[in-house]
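These notes are about the structure you will find just below.
Being a predicted model, the structure only gives us computed values, none of them experimental.
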Amino acid sequence: MWTRSKLKEVGKAALHRNYWKIVLVSMILMVLGCETGGLSFHKTVYNGSAETNMEESYESGPLPTGKKSVVTVKKRADSDKVTVERSSGGESASEEVEISFFEGLIVGFVAVIIFLIIFAIVLAVILALDIFLINPFSVGGKRFMVKSVEDVAQVKEIAFSFDHSYKNIVKVMFRMDLSIFLWTLLFIIPGIIKMYEYYMVPYILTENPDMEYRAAMQMSREMMEGNKWKTFVLGLSFILWHILGTLTLGIAEVLYVQPYRNLTFAALYCQLRNTRVMNHVEMPVYGQYGMGGTANGQYGLNGNGNGQYGMNGQYGTNGDGNGQQW
């Protein structure tokens with residue numbers, strides 16, 4: 001049985017053991033948007049009223065005289081007429097053009113079509129980046145955090161997905177995101193439940209990159225059985241830390257809060273994984289972390305020296321010499 005205080009102790013210890021590398025990786029994940037605190041780009045539009053004045057200027061190419069002309073289009077909010085002004089070489093001329101209802105309708109329709117096309121292109125680019133770049137980096141970042149909890153990790157772990165079953169990791173993460181999205185369409189709440197049900201999928205991929213998506217999602221469901229609400233509360237317990245990060249203009253968020261949070265959730269995965277081993281639940285037979293594993297299961301039943309993470313191991317039921325115990 002895990003507690004928030006124990007997980008946070010493990011997270012703090014890991015942070016102090018490998019501080020600058022963890023801060024660097026957390027910063028990279030935040031910039032990419034892989035974790036809470038990712039950068040967002042916003043466009044703010046302000047209108048003083050429902051209708052506004054409009055003025056746009058365009059510069060045409062050289063005239064036969066070698067000079068350039070400037071065309072300015074103006075429209076008043078309370079008028080259906082458009083004023084077109086032309087100026088060239090110190091000379092200017094203007095005329096008013098009245099736009100009919102149908103002409104305005106066509107112009108508006110074309111503008112909407114252009115907007116939808118641009119929106120679709122932008123959305124497609126964002127989705128492609130999320131599927132093929134951000135998700136793999138997210139898995140790599142979680143692998144770095146897991147290894148930091150267990151020992152001292154190298155920054156290169158963040159690129160783990162690109163060297164180990166990249167296509168499968170992309171596919172599994174996409175299926176997970178799609179499933180959560182479809183469940184969210186059912187009045188949001190089912191989507192939130194599924195999000196926590198599949199919470200451990202990217203962590204599972206950090207140790208089993210070849211695992212088929214159904215097996216990964218099933219394993220996550222089993223690991224999160226009875227732990228979804230506790231995991232939600234664990235995340236909620238960082239709210240004051242995030243407020244502190246906001247008050248310090250994000251400095252505390254980057255240098256402490258986000259690394260601390262990432263390590264705490266990595267410690268949660270380690271605890272749920274180890275509990276699974278202690279309950280004699282078989283891990284993937286092809287993985288390093290199976291019941292046989294390497295050297296009779298580094299994370300298996302007997303483990304490394306009677307189970308570093310096994311029944312009697314450092315993180316097992318009896319702790320390290322009946323000492324450290326989760």
Side-chain angles (χ1 to χ4, degrees), residues 4 6-42 126 128-166 169-170 172-173 176-177 199-209 231 234-235 237-273 288-289 299 309 315:
R4 293 194 302 274
K6 286 291 185 182
L7 294 180
K8 289 184 175 182
E9 286 178 12
V10 174
K12 288 178 182 177
L15 181 58
H16 294 153
R17 186 168 58 244
N18 199 19
Y19 178 76
W20 286 111
K21 288 182 181 179
I22 293 172
V23 169
L24 175 61
V25 170
S26 293
M27 189 182 304
I28 294 172
L29 296 177
M30 290 173 65
V31 170
L32 291 174
C34 299
E35 306 289 346
T36 304
L39 296 181
S40 299
F41 298 91
H42 304 278
I126 292 174
L129 287 174
D130 183 68
I131 294 170
F132 297 106
L133 184 67
I134 294 177
N135 277 348
F137 268 121
S138 179
V139 172
K142 286 176 171 56
R143 177 179 172 85
F144 173 86
M145 296 300 168
V146 169
K147 292 180 75 69
S148 293
V149 166
E150 296 173 343
D151 195 6
V152 176
Q154 300 299 318
V155 175
K156 66 180 181 180
E157 296 293 348
I158 195 173
F160 169 81
S161 300
F162 298 95
D163 297 326
H164 299 79
S165 302
Y166 171 77
I169 289 175
V170 167
V172 174
M173 292 294 289
M176 181 193 74
D177 289 340
Y199 204 90
M200 292 300 155
V201 168
Y203 289 99
I204 293 169
L205 291 175
T206 65
E207 299 179 333
N208 304 279
T231 302
L234 176 62
S237 68
F238 286 90
I239 187 67
L240 294 179
W241 284 109
H242 289 306
I243 292 175
L244 174 63
T246 302
L247 294 177
T248 58
L249 302 180
I251 296 175
E253 189 78 22
V254 172
L255 296 180
Y256 188 79
V257 180
Q258 201 60 40
Y260 175 31
R261 183 182 186 279
N262 292 340
L263 289 166
T264 300
F265 278 94
L268 171 62
Y269 166 72
C270 292
Q271 174 61 25
L272 295 179
R273 179 197 64 197
Q288 179 184 359
Y289 306 89
Y299 298 92
Y309 298 91
Y315 299 97

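For the atom pair His164 NE2 and Leu205 CG, the distance stands at 13.0 Å (nearest 0.5 Å). Here Leu240 contributes atom CG and Leu244 contributes atom CG; the two are 9.0 Å apart, rounded to the nearest 0.5 Å. For the atom pair Gln258 CD and Asn262 CG, the distance stands at 5.0 Å (nearest 0.5 Å). The CD atom of Glu157 lies 5.0 Å from the NZ atom of Lys147; values are rounded to the nearest 0.5 Å.
Listed by chain and residue number, Tyr196, Phe265 satisfy the ring pair (Phe, Tyr, Trp, His ring centres under 6.0 Å) test with Tyr199 (two or more places apart in sequence, or in another chain). Residues passing the side chain to side chain donor-acceptor pair (under 3.5 Å) test with Thr248: none are found, sequence neighbours excluded. Partners of Leu15 by side-chain contact (heavy atoms from CB on, under 4.5 Å), not counting sequence neighbours, listed by chain and number: Tyr19, Ile22, Tyr256, Pro259, Tyr260, Leu263. Shown here are the ring pair (Phe, Tyr, Trp, His ring centres under 6.0 Å) partners of Tyr166, two or more places apart in sequence or in another chain: Phe162. Taking the side-chain contact (heavy atoms from CB on, under 4.5 Å) definition, one finds that Glu9 meets it with Lys6, sequence neighbours left out.
Using a 4.5 Å heavy-atom threshold, the side chains of Met173 and Ile169 count as touching. Using a 4.5 Å cut-off on side-chain heavy atoms (C-beta onward), Met30 and Val254 make contact.
Phe144 does not carry Lys156 over the face of its six-membered ring by the limits of under 6.0 Å from the centre and within 45° of the normal.
Heavy atoms only, all atoms of each residue included: Arg143 and Thr206 are closest at NH1-O, 2.7 Å. Minimum heavy-atom separation, Gly245 to Ala252: CA-CB, 4.0 Å. Closest non-hydrogen pair, Phe160 versus Pro209, comes out as CZ-CG, 3.8 Å.
Note on Arg273 versus Glu207: salt bridge recorded, some NZ/NE/NH1/NH2 to OD/OE distance being below 4.0 Å. We find that Arg17 and Glu150 are not joined by a salt bridge, their nearest charged nitrogen and carboxylate oxygen being 4.0 Å or further apart.
Side-chain atoms of Asn18 come within 3.5 Å of backbone N or O of Ala153 as a donor-acceptor pair.
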Using a 3.5 Å cut-off and no angle test, enumerate the donor-acceptor pairs between side-chain atoms of residues 129-136 and protein atoms at least two apart in sequence or in another chain.
unit_1 : atom_1 : unit_2 : atom_2 : d
Asn135 : ND2    : Asp177 : OD2    : 3.0

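Inspection of the Lys21 and Ser148 side chains reveals no N or O donor paired with an N or O acceptor under 3.5 Å.
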